[in-house]
Amino acid sequence: MQIYNITFIVESVIEQEWATYVDKELLPKISKNIHQIDLLKVEYIEGIQAVKGSTFSMQFYCVKSEHLEWIKSIGHQLVMQKIIRKFPKDWVAFATKLEFLKSY
């Protein structure tokens, strides 16, 4: 399984509205094209200096190669476009791909 991850750092001025929009409107629509999506709030404990704003992670679980291709070619851009239209500033994002190896 591959996990496509988009991490967002969101300024406090839009955090609550951003999180509600993503949870109630954006991800339910996107989830129809992917196996599973998790929305996580990240809290820095140690290792790096905390950033200004709150950090969120959207993890798209891709059990089929088509899921990963869809999120890379369409889903990621769709997420960004919808967020940019609703929140044109006060956030940044970056994407990573995780490969599930095994559970212990």
Side-chain angles (χ1 to χ4, degrees):
M1 176 185 332
Q2 307 254 352
I3 303 167
Y4 191 90
N5 177 75
I6 307 174
T7 300
F8 295 85
I9 301 171
V10 179
E11 294 288 336
S12 59
V13 295
I14 65 164
E15 177 184 352
Q16 189 61 48
E17 186 181 0
W18 185 94
T20 299
Y21 171 75
V22 165
D23 176 43
K24 302 292 184 194
E25 295 184 41
L26 179 60
L27 293 183
K29 292 175 185 172
I30 300 277
S31 68
K32 296 172 184 158
N33 298 296
I34 207 86
H35 176 72
Q36 175 183 326
I37 303 172
D38 287 345
L39 177 60
L40 309 166
K41 186 168 182 181
V42 178
E43 181 180 336
Y44 296 99
I45 295 174
E46 80 176 62
I48 64 168
Q49 184 177 1
V51 297
K52 185 179 175 187
S54 294
T55 302
F56 294 89
S57 173
M58 289 180 194
Q59 295 189 346
F60 301 85
Y61 292 80
C62 305
V63 294
K64 298 178 183 176
S65 61
E66 304 90 64
H67 292 156
L68 184 59
E69 289 308 312
W70 182 85
I71 194 65
K72 285 170 49 179
S73 63
I74 298 170
H76 182 120
Q77 289 76 20
L78 189 60
V79 166
M80 292 301 161
Q81 288 171 0
K82 289 187 175 289
I83 291 177
I84 287 169
R85 282 188 200 128
K86 181 91 174 153
F87 305 97
K89 59 182 184 163
D90 297 322
W91 61 276
V92 295
F94 61 91
T96 55
K97 185 178 80 168
L98 312 171
E99 182 177 354
F100 177 81
L101 297 177
K102 68 189 231 185
S103 296
Y104 294 89

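- Using a 4.5 Å heavy-atom cutoff, the side chains of F60 and I30 are in contact.
- For A93, the side-chain contact (heavy atoms from CB on, under 4.5 Å) test picks out I6, F8, M80, W91, with sequence neighbours left out.
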Return all side-chain donor-acceptor pairs below 3.5 angstrom for residues 69-78, not counting sequence neighbours, or 'none' if the list is empty.
from	atom 1	to	atom 2	distance (Å)
S73	OG	E69	O	2.7
H76	ND1	Y4	OH	2.7

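- I84 and W18 fall within a single hydrophobic cluster, where Ile, Leu, Val, Met, Phe, Trp and Tyr are joined by side-chain heavy atoms under 4.5 Å apart, directly or via other members.
- Of all heavy-atom pairs between I34 and C62, the closest is CD1-SG, 3.9 Å.
- Taking the salt bridge (Lys or Arg N to Asp or Glu O under 4.0 Å) definition, one finds that K82 meets it with nothing, sequence neighbours left out.
- Separating the CG atom in N5 from the CG atom in D38 is a distance of 10.5 Å, to the nearest 0.5 Å.
- Hydrophobic clustering, with ILVMFWY side chains joined whenever heavy atoms are under 4.5 angstrom apart, keeps I37 apart from F94.
- Hydrophobic clustering of Ile, Leu, Val, Met, Phe, Trp and Tyr side chains at less than 4.5 Å, counting indirect connections, unites F56 with V13.
- Grouping Ile, Leu, Val, Met, Phe, Trp and Tyr by side-chain contacts under 4.5 Å, direct or through others, puts M1 with I3, Y61, V63, L98, F100.
- Dense packing is recorded around CD of Q81, with more than 12 heavy atoms of other residues, nucleotides or ligands lying under 6.0 Å away.
- With a 4.5 Å cut-off on side-chain heavy atoms, Q59 and Q36 do not count as touching.
- With sequence neighbours left out, D90 forms a side chain to side chain donor-acceptor pair (under 3.5 Å) with no residue at all.
- Looking at residues two or more places apart in sequence or on another chain, you find a side-chain contact (heavy atoms from CB on, under 4.5 Å) between E66 and K64.
- In plain terms, the two heavy atoms of F87 and Y21 that are nearest each other are CE1-CD2, 3.8 Å.
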Report task. Walk me through it: do H67 and Q2 pass the test side chain to side chain contact (heavy atoms under 4.5 Å, CB included)? Result -> CA-CA 9 Å; H67 292 156; Q2 307 254 352; over 6 Å; no
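- Through side-chain heavy atoms spaced under 4.5 Å, either directly or across other Ile, Leu, Val, Met, Phe, Trp or Tyr residues, Y104 is tied to no other residue.
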Report task. Step by step, work out the side-chain hydrogen bond (donor to acceptor under 3.5 Å, both in side chains) result for S31 and N33. Result -> CA-CA 5 Å; S31 68; N33 298 296; over 6 Å; no
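- The salt bridge (Lys or Arg N to Asp or Glu O under 4.0 Å) analysis of residues 94-104, with sequence neighbours excluded, yields no pairs.
- Among residues two or more places apart in sequence or in another chain, the side-chain contact (heavy atoms from CB on, under 4.5 Å) test is passed with V42 by T55, S57.
- Take E15 and apply the salt bridge (Lys or Arg N to Asp or Glu O under 4.0 Å) test, not counting sequence neighbours, and it matches K41.
- Connection of V22 to I9 is not established within any shared hydrophobic cluster, with ILVMFWY side chains joined at heavy-atom distances below 4.5 Å, either directly or through further cluster members.
- Annotation: salt bridge (Lys or Arg N to Asp or Glu O under 4.0 Å) contacts involving residues 18-36, sequence neighbours excluded, are absent.
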